[in-house]
Amino acid sequence: MAGKGNTVSKVYEIVSPFAEELGLEIWDIRFVKEGTDWYLRIFIDKDGGVSIDDCVDLTHAITKPLDEADPIAQSYLLEVSSPGVERELITDSHFEKYIGAKIIMRLIRPIEKVRDFNGVLKAYSNGEITVSLPDGNEITVTKKDTSYVKLDDFDINDFLNK
């Protein structure tokens with residue numbers, strides 16, 4: 001989960017039982033400042049995809065418990081949404097779930113002057129990501145050396161329908 005650790009952890013504890021009850025998975029929670037406004041973004045997922053009704057249902061379910069628990073001192077805007085098709089892989093379970101899927105990966109520091117890679121997520125273990133590249137080679141990097149790893153939105157439906 002991205003964002004401020006304590007705040008995100010507290011929010012997760014509050015909202016996860018409601019998400020489970022609705023058959024939803026918390027994909028990520030981010031508490032971020034944009035301009036002068038703070039945003040609490042809760043990304044949800046479920047098999048078959050997330051609908052607008054799922055977002056509305058979770059928003060209604062968690063608004064009062066969040067207000068009562070008051071885990072965030074300042075005012076903020078609450079957003080509940082799908083992580084999207086080009087979702088970022090963040091947790092170990094995200095990587096494990098999508099082994100075999102096409103991904104896009106950006107490194108913090110380039111390897112041989114190359115920072116962006118795409119290919120198939122071949123393996124993930126102990127924070128190491130192995131990607132099979134289109135030219136037949138493989139690259140293995142640590143998760144901490146990546147800026148992001150996202151699903152390739154052009155091919156995810158093929159992967160999910162296997």
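- Under the 4.5 Å side-chain criterion, counting only non-hydrogen atoms from C-beta, E20 is not in contact with L24.
- Pairing each heavy atom of A123 with each of I99, the nearest pair is CA-CD1, 4.3 Å.
- Although no hydrogens or angles enter the test, the distance criterion places a donor-acceptor pair under 3.5 Å between the side chain of W27 and the main chain of E88.
- Each of L40, L78, L66 was evaluated against I72; a single residue qualifies, L40, per the side-chain contact (heavy atoms from CB on, under 4.5 Å) test.
- The aromatic rings of W38 and F31 sit parallel, their planes meeting at an angle under 30°, below the 60° perpendicular limit.
- Although no hydrogens or angles enter the test, the distance criterion places a donor-acceptor pair under 3.5 Å between the side chain of K143 and the main chain of I90.
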Assess whether side chain to side chain contact (heavy atoms under 4.5 Å, CB included) is satisfied between Y124 and D92, documenting all intermediate values.
CA-CA 8 Å; Y124 179 81; D92 292 347; 2.6 Å; yes

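- With hydrogens and angles disregarded, a donor-acceptor distance shorter than 3.5 Å links the side chain of R115 to the backbone of I108.
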Please report the C-alpha distance between D45 and R87 in whole Å, then the side-chain angles of each, then the deciding distance to 0.1 Å, and finally whether the salt bridge (charged side-chain N to carboxylate O under 4.0 Å, His left out) criterion is met.
CA-CA 10 Å; D45 198 20; R87 63 192 59 204; 2.7 Å; yes

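- Looking at heavy atoms from C-beta onward, V80 lies in side-chain contact with I44 at the 4.5 angstrom threshold.
- Considering only heavy atoms from C-beta on, V8 stays 4.5 Å or farther from D28 through its side chain.
- The number of heavy-atom neighbours closer than 6.0 Å to CG of D47, taken from other residues, nucleotides and ligands shown, is 12 or below.
- Residue K122 places its NZ atom among 12 or fewer non-hydrogen atoms of other residues, nucleotides or ligands, all under 6.0 Å distant.
- Of the charged side-chain nitrogens involved, at least one lies within less than 4.0 Å of a carboxylate oxygen, so that E34 and R41 count as a salt-bridged pair.
- A side-chain donor-acceptor contact under 3.5 Å links H94 to the backbone of T91.
- Of the N and O atoms on the side chains of N6 and S9, not one donor lies less than 3.5 Å from an acceptor on the other residue.
- One N or O on the side chain of S51 and one on the backbone of D54 form a donor-acceptor pair closer than 3.5 Å.
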